[in-house]
Each structure stands twice: as C-alpha cells, then as structure tokens.
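Heads up, the thing below is written out as structure tokens.
Within every chain, numbering begins at 1; the chains are lettered A, B, ... in the order of the sequence lines, protein sequences first and strands thereafter.
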Amino acid sequence: MNALAQDLRRFAEDHAAAAGEWDRAGALPDEVVRAVAARGWLGAAVPDTHGGRRLDPVSFGELCAGLGGVCSSLRGLLTVQSMVADVIARRGEDHHRAWLPDLAAGRVIAALAATEDGAGSDLAAVGTRVEPVPGGLRISGRKRWVTFGETAGLYLVLGVTPRGPTAVLVPRDAGGITVEPVRGQLGLRAAMIAHVTFDGVVVPAAHRLGAAGAGLTHVVAAALDHGRYSVAWGCVGMARACLDLSARHAVARSGRLAQHQLVRRLVTDMVAGVTTARLLCEHAAGHPRPDRTMLAKYVAARTAAQVTRDAVQVLGAAGCAPGHPAERFFRDAKLMQLIEGTDEICQTHVCDAEFRRHATRGAA
Amino acid sequence: MATAILDEYLGAALQSPPEGRVSNDVELEIMRYLESEFEDSGIDRCADIFALGYVNSLFALELVTFVERRFDITIGTDDLDLDNFRSVEAMARLVGTIRAAAGR
Ligand SMILES: Cc1cc2nc3c(=O)[nH]c(=O)nc-3n(C[C@H](O)[C@H](O)[C@H](O)COP(=O)(O)OP(=O)(O)OC[C@H]3O[C@@H](n4cnc5c(N)ncnc54)[C@H](O)[C@@H]3O)c2cc1C
C-alpha cells in the first residue's frame with residue numbers, strides 16, 4: 001500500500017463514523033476541513049512552487065475516491081477547491097501569489113458560481129452581468145447551488161459581457177455579496193451549499209480570467225472538466241464503499257444471505273460496475289481529453305446510483321437506518337447524475353465525439 | 001455512379017497525404033490529430049473545423065488541451081479565442097506566435 005492509500009485509510013478510520021452526523025447537521029465541521037488541509041489534500045491541484053502538493057492524475061483520482069468513500073460532501077470540498085485552483089494555476093498567472101498558497105493550505109475555500117435560475121445545463125444562457133466601470137469590473141447577478149458557497153472566501157463567477165461569457169475571480173470580502181445557505185436538499189447535505197447574490201460587486205479588471213467569449217468555453221469548461229474527473233473518481237469511492245458494506249452484510253450471520261443466488265447476482269453486478277467505472281477513470285487519467293472524462297463521469301455516476309440502490313436492497317432495513325452510510329450514499333449518488341454535467345448532457349457530448357468520426361466523409 | 005461509389009469506398013486512399021497539404025511540421029502534427037479525430041483524411045488546412053459536423057464546446061476545449069500538451073506551451077487568456085482554433089492553419093499560427101514570444 002502506498003503512502004497516500006495508508007493516509008486515506010487512517011483518515012477513514014478516524015472520520016468515516018462521523019459522516020452521518022455531518023449529513024444530519026447539514027454542515028462539515030471546521031476541524032474536518034482542517035484535518036484534510038493538514039494532510040495537504042486541499043493543495044492537490046496547486047503546483048509545488050506555490051505551496052501545494054500537486055498530485056499526478058491517478059493519485060488525485062485515488063484521493064477523490066478515498067474521500068468519496070467517506071463522505072460525498074467532503075469529496076465535494078476537494079472537487080471545488082481543486083477545480084478553482086487548477087484554473088488559477090493554468091489561466092491566472094497574475095493571481096498565483098495572491099491565492100494559490102492560501103488555497104493549498106485551506107486558509108481560503110474556493111467555489112464555482114456558474115448555475116442560475118435560468119441557466120443550468122445551458123450555461124451560455126447565464127444572465128449575471130460583468131460590466132467595465134471605473135476601477136474595474138462590476139458583477140451583478142444571482143447564482144444558485146454553489147457548493148461550499150456558504151464558507152467560500154473566493155468565487156469563480158461565470159458572467160456575461162456584451163461580447164460573450166467571461167469568468168471572474170471574486171473575493172468574498174469584495175462587498176455586495178449575500179449568501180443564503182441551502183439546507184435539507186436530497187443529498188450532499190454537508191456541502192455548505194448556498195445561493196449567492198452579487199449586487200454590483202466591483203473587482204479589479206485583472207480578475208477576469210478568460211477573454212470575453214472564451215470565459216465559458218475555455219475557463220469554466222476547463223474547471224468543469226477537472227470537476228468531472230474528480231466526481232467520477234468520487235463515485236467509484238462511494239460505490240466501492242457500498243459494495244463493501246453489502247458483501248460484509250451478506251457473509252455475516254453465518255452467510256445466510258450469501259447463499260441466495262439473487263443476492264449474489266446483486267453483488268456480482270456491483271463488482272462489475274465498480275470495476276468498470278474504475279477502469280474508465282484510469283483510462284481518463286491516461287487520456288486527458290474532455291470527452292473521455294465525460295464518459296468516465298457518466299458511467300461512474302450511473303454505477304454509483306445503481307450500486308448504492310442495490311446496497312440498500314441487500315442491507316434491508318439496516319441500510320435505511322438513520323445515519324447509515326448506505327442511505328446517505330444512496331441519496332448522494334443520485335446527485336452525481338446531475339452535477340458537473342447531467343447524464344443527458346454527458347450522453348450528448350460522448351455521442352457527438354462518436355458521430356464526429358463518421359460524419360465528415362459522408363458529407364463530403 | 002460507379003465512380004462515385006468507388007470514390008467513397010476508397011475515400012481515404014484517394015486523398016493526398018497530409019505532408020503535401022500543410023506548410024510546416026506544426027501544421028502536420030495538428031492535421032494528423034484532426035484526421036484521427038474525424039477519421040477523415042481530406043481536411044483542408046484552412047477549413048473551418050467548427051463547421052464540420054458534431055463539433056461542440058467540449059471539442060473546443062479538447063483542442064486547447066491538445067495544443068498546450070503537444071507543443072508544451074501555455075495559451076494566454078487573450079489567445080483563448082475560438083478563432084485561434086478554427087483551422088489547422090490558425091492553430092499552427094498561434095503555436096508559432098507563442099513560441100516566438102517565448103524565444104523558442
Ligand atoms: C448538490 C448540488 C450541488 C451543485 N453545486 C454547484 C456548484 O458548485 N456550482 C454551480 O455553478 N452549480 C452547482 N450545481 C448546479 C448543477 O450544476 C446543475 O443543477 C446542473 O448543471 C443541471 O442544471 P439544472 O439543475 O438547471 O437543470 P436543467 O439544465 O434545467 O436540466 C433539467 C433536465 O433537463 C435535461 N436537459 C437539459 N438540457 C438538455 C439538453 N440540451 N439535452 C438533453 N437534456 C437536457 C437535463 O439533463 C435534466 O435532466 C449543483 C447542484 C446540486 C444539486
């Protein structure tokens with residue numbers, strides 16, 4: 001077992017039992033965030049030259065799977081922190097010193113504010129305005145469903161200028177930001193989700209990360225691609241955790257359940273699903289292309305939804321008990337089919353990539 | 001009619017090799033990548049790839065990722081413009097400009 005796997009195992013031993021309580025309370029305790037930060041994990045996408053401990057794609061994936069197997073909200077923290085850090089590292093040279101060390105150390109939590117009332121899958125429809133004013137850019141609009149939006153100190157905001165969509169870094173203390181926490185949603189209940197209103201918030205012009213027009217296609221899309229990779233591995237982790245719970249339950253009580261063929265079929269399909277999803281994630285690690293990442297996320301999210309559902313089935317009433325990991329993973333897994341590109345959006349893109357290989361010659 | 005069918009059948013083979021249709025090594029690399037992506041060996045170096053079928057925003061991102069990795073360059077904020085990725089020729093020009101600026 002490598003060092004990361006050992007750290008993850010120890011972390012799970014220390015914290016997994018409390019994850020049901022975080023879910024019930026609807027909040028991730030500060031000390032858990034500090035425990036993750038202390039291991040350097042919040043700097044997993046920050047280059048070493050800026051205080052991070054950047055992991056290679058497979059190790060980053062293992063980290064997401066490891067935390068995903070403890071708590072999806074916690075994995076969500078790693079996801080948003082890493083996606084924003086990665087975008088700043090790649091596209092925000094002027095902001096490296098201001099943000100990367102703080103993000104790596106977990107002194108600042110980052111969030112992506114893209115979705116709006118009228119723009120979810122179709123992010124090109126966002127209405128948040130970004131206008132030039134004396135002293136910088138003024139941002140006005142209301143963002144919904146911002147993971148860790150409640151505790152974030154830095155938002156990557158998708159807005160629109162007359163020349164097209166753009167992405168802007170907005171510090172929490174910029175003034176004019178109102179945060180409304182969301183509680184009691186289906187899943188990711190400890191992910192400090194919030195609706196965030198930007199009411200004429202002014203930031204320096206240099207906070208714009210993408211040329212107008214490219215902010216969506218090249219900045220937010222790149223962040224979402226990173227997030228998708230992380231969610232895909234997180235799904236592998238939660239599915240694996242549910243497979244373990246199911247198999248352990250089946251062989252307990254002298255293997256009474258393990259004798260039933262129908263239970264064996266459920267467990268076999270869990271093994272098949274988890275293995276397939278993991279292989280696709282490993283494939284995506286070696287082929288850094290957005291459509292491969294999307295395929296991995298699509299399959300992993302569907303697998304997580306199916307495996308967590310079957311786990312509740314195999315576990316029976318035990319898996320429905322308040323605070324049981326199976327019922328929590330079951331609720332969380334459904335959301336994996338929505339976030340970072342819904343199943344249908346993934347289908348559209350994966351299919352486009354396939355059709356592309358067949359279309360031009362016929363048309364010529 | 002018969003020739004049309006034969007043309008389609010032999011499609012790829014009848015096209016000239018990419019070497020004959022590009023003006024430098026960078027264009028050649030990009031052309032090879034696109035030809036494998038589209039399984040089409042008849043792409044023109046100046047053709048608008050966003051006008052080819054089934055190209056979406058994710059493919060635009062794929063092109064950025066490919067160009068940055070393949071040529072080991074970082075594309076600056078202001079160069080992240082769809083027009084710089086619209087054709088083999090445009091991408092190669094962008095690579096050339098960034099390399100020249102970096103003194104390579
Ligand atoms: C727990 C949670 C956390 C989230 N965190 C964040 C966050 O941190 N930052 C952020 O910006 N957003 C976040 N979101 C929002 C999330 O990204 C969106 O919910 C998601 O993109 C879908 O958008 P929507 O909800 O508006 O649904 P819609 O886009 O309206 O989709 C509704 C249904 O229509 C389908 N559909 C839509 N368009 C098409 C199409 N073109 N073709 C086929 N089918 C289509 C969808 O697949 C879906 O089934 C979060 C959401 C949740 C639930």
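No more than 12 heavy-atom neighbours from other residues, nucleotides or ligands sit within 6.0 angstrom of CD on A:Glu93. Applying the 6.0 Å contact sphere to CG of B:Asp25 captures no more than 12 heavy atoms from other residues, nucleotides or ligands. Around the CZ atom of B:Arg86, the shell of radius 6.0 Å holds more than 12 heavy atoms that belong to other residues, nucleotides or ligands. In B:Phe50, the CZ atom is crowded: over 12 heavy atoms of neighbouring residues, nucleotides or ligands sit closer than 6.0 Å.
With rounding to the nearest 0.5 angstrom, the CG atom of B:Asn56 is 6.0 Å from the CZ atom of A:Arg356. Summarising the geometry, atom NE2 belonging to A:His218 is positioned 9.5 Å from atom CG belonging to B:Asn84; distances are rounded to the nearest 0.5 Å. Rounded to the nearest 0.5 angstrom, B:Leu58 CG and A:Asp352 CG are separated by 9.0 Å.
For the pair A:Arg289 and B:Glu37, the salt-bridge criterion is met [side-chain N within less than 4.0 Å of a carboxylate O]. Comment: A:Arg208 engages B:Asp78 in a salt bridge, judged by a side-chain N to carboxylate O separation of less than 4.0 angstrom.
Remark: A:Arg357 is not positioned above the aromatic ring of B:Phe38, lacking an NZ or CZ atom under 6.0 angstrom from the ring centre and at most 45 degrees off the axis.
Taking 4.5 Å as the heavy-atom cut-off, the residues of residues 66-74 of chain B that approach chain A are B:Glu68, B:Arg69, B:Thr74, ordered by number.
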